[in-house]
Trainee: 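I have a structure I would like to understand better, so I am pasting it below and will then ask my questions one at a time.
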Amino acid sequence: MNRIYQKMYPENKNRSEGVLGGFIGDVILRSCNSESQPPSIKRAGFTLIELLVVVLIIGILSSIALPQYERAVEKSRLGALLPNLKTLRDAQSLHWLETGEYEENLENLSVSFPECTQTALSGSTVGTGYACGKYGMRIYAAGSGSSAYSLIEVYTKPSMDDAPLGWRERLQGGKKTDETCLAERNNDVAYSVCKSMGGVCGNTFGSKHCYCTVK
């Protein structure tokens, strides 16, 4: 090809022997080789096998990533409610110090949740339920003095029966004695979230959730 180029452009003969000339010659050679290839040899796109392999890889990655994403979202929702639970716990502890009893009604506690409205609890569930926009709460109180105790709970949905996740704390003597993650029965994502937060799942709570005691 260099010889052909030199015959076509004799004034550039010396330059053709240089780096630039060699490069131009290579370009012309590749161009000629490309044009001389029959259409059947040229690659027009991906083959069906290649596309199927790509789809298979995407499917495998999705099956791995999607459950992790769902767990991260639910865990984030539950974690965002724990500060509210701490606020309620502090108010209950203060009320116990003042009266020797715990309280089920938010209006009687030194705390404000303006977004929460009282709602009925279904089944045999006791205490007072509150729907608070995107989440829910339940408060139960019993006894007096040293035997007084309270259960305070938050749920990732306004209705505890519809919530996949919840968090419960038991108060006695003005302080927290234990805490439990509540996972919706037969919900693998909910169980996974509770276990990732240190819960050991066991007893059934009502007909909707299972206890995951946090050690």
Side-chain angles (χ1 to χ4, degrees), residues 72-185 187 189-191 193-194 196-215:
V73 170
E74 292 298 332
K75 185 175 182 179
S76 176
R77 288 175 179 172
L78 182 60
L81 300 180
L82 297 185
N84 292 349
L85 193 62
K86 181 181 183 302
T87 300
L88 185 57
R89 180 209 316 153
D90 293 342
Q92 280 280 50
S93 298
L94 180 61
H95 187 82
W96 180 84
L97 289 173
E98 294 176 348
T99 65
E101 296 179 343
Y102 289 106
E103 178 60 49
E104 290 186 359
N105 196 327
L106 283 177
E107 295 180 357
N108 297 328
L109 295 173
S110 58
V111 64
S112 176
F113 288 93
E115 72 277 16
C116 298
T117 57
Q118 189 170 332
T119 184
L121 296 174
S122 61
S124 60
T125 306
V126 294
T128 305
Y130 292 91
C132 308
K134 295 184 179 180
Y135 71 99
M137 295 194 307
R138 184 178 80 98
I139 308 174
Y140 175 73
S144 61
S146 59
S147 62
Y149 73 94
S150 175
L151 301 176
I152 54 176
E153 301 165 354
V154 289
Y155 292 88
T156 54
K157 287 189 177 181
S159 172
M160 59 182 292
D161 288 335
D162 299 327
L165 283 165
W167 195 270
R168 163 191 282 188
E169 291 185 355
R170 188 178 192 276
L171 309 178
Q172 188 167 7
K175 60 182 181 180
K176 178 176 66 176
T177 58
D178 59 69
E179 52 189 342
T180 304
C181 183
L182 304 175
E184 183 181 33
R185 298 181 65 183
N187 187 325
V189 173
Y191 276 99
V193 170
C194 284
S196 70
M197 299 179 73
V200 178
C201 301
N203 299 328
T204 300
F205 170 52
S207 60
K208 190 67 177 179
H209 297 88
C210 290
Y211 287 117
C212 294
T213 304
V214 179
K215 299 296 185 179

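For reference, positions follow the sequence shown, starting with 1.
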Trainee: Looking only at non-hydrogen atoms, find the nearest pair between T213 and T180 and report the distance.
Mentor: N-CG2, 4.1 Å
Trainee: With sequence neighbours excluded, what pairs up with E104 under the salt bridge (charged side-chain N to carboxylate O under 4.0 Å, His left out) test?
Mentor: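 E104: no salt bridge (charged side-chain N to carboxylate O under 4.0 Å, His left out) contacts found.
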Trainee: Working to the nearest 0.5 Å, report the span between CD of Q172 and CG of L151.
Mentor: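 Taking CD in Q172 and CG in L151, the distance rounds to 10.0 Å.
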Trainee: Looking only at non-hydrogen atoms, find the nearest pair between A91 and L109 and report the distance.
Mentor: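 A91 and L109 have their closest heavy atoms at O-CD2, 4.0 Å.
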Trainee: Regarding E101 and S144, is there a side-chain donor-to-acceptor distance under 3.5 Å anywhere?
Mentor: no
Trainee: Between C132 and C116, is the SG-SG gap less than 2.5 Å?
Mentor: yes
Trainee: List the steps, then state whether side-chain hydrogen bond (donor to acceptor under 3.5 Å, both in side chains) holds for S150 with Q92.
Mentor: CA-CA 8 Å; S150 175; Q92 280 280 50; 3.0 Å; yes
Trainee: Tell me, please, which residues at least two apart from Y135 pass side-chain hydrogen bond (donor to acceptor under 3.5 Å, both in side chains).
Mentor: N84, E115
Trainee: Could you walk me through whether Y102 and Y140 satisfy the side-chain contact (heavy atoms from CB on, under 4.5 Å) test, starting with their C-alpha distance in whole Å, then the side-chain angles of each, then the deciding distance to 0.1 Å, before giving a yes or no?
Mentor: CA-CA 8 Å; Y102 289 106; Y140 175 73; over 6 Å; no
Trainee: Between the main-chain N or O of L85 and the side-chain N or O of W167, is there a donor-acceptor pair closer than 3.5 Å?
Mentor: no
Trainee: Give a yes or no answer on whether the side chain of H95 reaches the backbone of D90 with a donor-acceptor pair at less than 3.5 Å.
Mentor: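 A pair under 3.5 Å: no.
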Trainee: With the side chain counted from C-beta on, respond yes when L121 and D161 share a heavy-atom pair under 4.5 Å apart, and no when they do not.
Mentor: no
Trainee: Can you give me the closest heavy-atom contact between R168 and L182, atom names plus distance?
Mentor: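 Distance-wise, the nearest heavy atoms are CB-CD1, 4.4 Å.
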Trainee: Quick check: closest heavy atoms across A183 and C194, and the distance to 0.1 Å?
Mentor: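 Minimum heavy-atom separation between A183 and C194: CB-SG, 3.8 Å.
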Trainee: On a heavy-atom basis, which atom in C181 and which in V214 lie closest, and how many Å separate them?
Mentor: N-CG2, 4.1 Å
Trainee: State whether the number of non-hydrogen atoms from other residues, nucleotides or ligands found under 6.0 Å of E98 atom CD is greater than 12.
Mentor: yes
Trainee: Do the non-hydrogen side-chain atoms of V193 and L165 ever get within less than 4.5 Å of each other?
Mentor: yes
Trainee: What pairs with E103 under side-chain hydrogen bond (donor to acceptor under 3.5 Å, both in side chains), at least two apart in sequence or on another chain?
Mentor: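 Here the qualifying residues are N108.
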Trainee: Looking at S147 and G143, would you say the former's side chain and the latter's main chain have a donor-acceptor pair under 3.5 Å?
Mentor: no
Trainee: In Å, rounded to the nearest 0.5 Å, how long is the span from CE of M160 to NE2 of H209?
Mentor: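 Separation between the atoms: 6.5 Å.
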Trainee: Check whether any side-chain heavy atom of T125 lies under 4.5 Å from a side-chain heavy atom of R138, and answer yes or no.
Mentor: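 SC-SC contact between T125 and R138 confirmed.
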Trainee: Does the side chain of L106 reach to within under 4.5 Å of the side chain of L88, using non-hydrogen atoms?
Mentor: yes
Trainee: Please tell me whether C201 and C210 are bridged, where bridged means their SG atoms are separated by under 2.5 Å.
Mentor: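 No - the two cysteines, C210 and C201, have SG atoms at least 2.5 Å from each other.
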Trainee: Below 4.5 Å, heavy atoms only, C-beta onward: do V200 and C212 meet side chain to side chain?
Mentor: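 Of all side-chain heavy-atom pairs linking C212 with V200, none is under 4.5 Å.
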Trainee: Report yes if some heavy atom in the side chain of K86 is under 4.5 Å from a heavy atom in the side chain of L82; otherwise report no.
Mentor: no
Trainee: The criterion is salt bridge (charged side-chain N to carboxylate O under 4.0 Å, His left out); which residues satisfy it with K134, sequence neighbours excluded?
Mentor: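 If we apply the salt bridge (charged side-chain N to carboxylate O under 4.0 Å, His left out) test to K134, skipping adjacent residues, there are no hits.
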Trainee: According to side-chain hydrogen bond (donor to acceptor under 3.5 Å, both in side chains), who are the partners of D178, at least two apart in sequence or on a separate chain?
Mentor: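 None.
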Trainee: Could E179 and R170 be called an ion pair, given the rule that one side-chain N must be under 4.0 Å from one carboxylate O?
Mentor: no
Trainee: Side-chain contact, heavy-atom cut-off 4.5 Å: F113 with M137?
Mentor: yes
Trainee: Could you walk me through whether L171 and T177 satisfy the side-chain contact (heavy atoms from CB on, under 4.5 Å) test, starting with their C-alpha distance in whole Å, then the side-chain angles of each, then the deciding distance to 0.1 Å, before giving a yes or no?
Mentor: CA-CA 6 Å; L171 309 178; T177 58; over 6 Å; no
Trainee: How close do A80 and P83 get, heavy atom to heavy atom, and via which atoms?
Mentor: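 So the minimum-distance heavy-atom pair works out to O-CD, 3.4 Å.
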Trainee: With a 4.5 Å heavy-atom cut-off, do K208 and E184 have their side chains touching?
Mentor: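 Yes. Closest side-chain heavy atoms under 4.5 Å.
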Trainee: side-chain contact (heavy atoms from CB on, under 4.5 Å) with T117: which residues, sequence neighbours excluded?
Mentor: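 Counting only residues at least two positions away or on another chain, T117 forms a side-chain contact (heavy atoms from CB on, under 4.5 Å) with A131.
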Trainee: Using atom types as modelled and distance alone, determine if a side-chain donor or acceptor of Y155 lies under 3.5 Å from a backbone N or O of L78.
Mentor: no
